[in-house]
Amino acid sequence: MIRRVLLTAALVGASVLVVPGSPAQARACRIDHECVTTYYADSGRTTVVGERYESCSGTVYTWGVRSGYPTFVESPC
């Protein structure tokens with residue numbers, strides 16, 4: 001009985017270590033703000049590969065690809 005409990009605890013502990021975390025979510029644009037998220041190819045942030053623009057009216061324009069190297073700029077309307 002104790003062996004079974006220890007084995008189950010070991011399996012649960014190992015499965016927690018194996019499950020990868022989810023990627024970070026993009027920051028939400030606040031109401032009455034204009035937001036621009038620019039995505040870069042690498043950590044040097046020299047090559048832009050995509051962009052997301054959220055206007056004051058709520059319209060969203062996107063182009064390119066989302067990468068792991070974003071910058072976020074938010075301005076009040």
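Sequential numbering from 1 along the given sequence is applied to the chain's residues.
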For a 4.5 angstrom cut-off between non-hydrogen side-chain atoms, does Val49 reach Tyr40?
no
I'd like to check Phe72 versus Cys35 (side-chain heavy atoms, cut-off strictly below 4.5 Å). Are they in contact?
yes
In Å, rounded to the nearest 0.5 Å, how long is the span from CZ of Arg66 to CZ of Arg52?
7.5 Å
How would you list, by chain and number, every residue that makes a salt bridge (charged side-chain N to carboxylate O under 4.0 Å, His left out) with Glu74, sequence neighbours excluded?
Arg27, Arg30
According to salt bridge (charged side-chain N to carboxylate O under 4.0 Å, His left out), who are the partners of Arg45, at least two apart in sequence or on a separate chain?
none
Checking side-chain polar atoms at under 3.5 Å, does Ser55 have a donor or acceptor matched by the opposite partner on Glu34?
no
Cluster partners of Ile31, using ILVMFWY side-chain heavy atoms under 4.5 angstrom, listed by chain and number?
none
List the residues meeting side-chain hydrogen bond (donor to acceptor under 3.5 Å, both in side chains) with Tyr69, not counting sequence neighbours, and say none if there are none.
none
Side-chain atoms of residues 58-65: list all donor-acceptor pairs with protein atoms under 3.5 Å, sequence neighbours left out, distances to 0.1 Å.
unit_1 : atom_1 : unit_2 : atom_2 : d
Thr59  : OG1    : Ser57  : OG     : 3.3

Among pairs that include at least one residue of residues 38-71, which meet disulfide bond (SG atoms under 2.5 Å apart), considering only residues two or more places apart or in two chains?
Cys56-Cys77
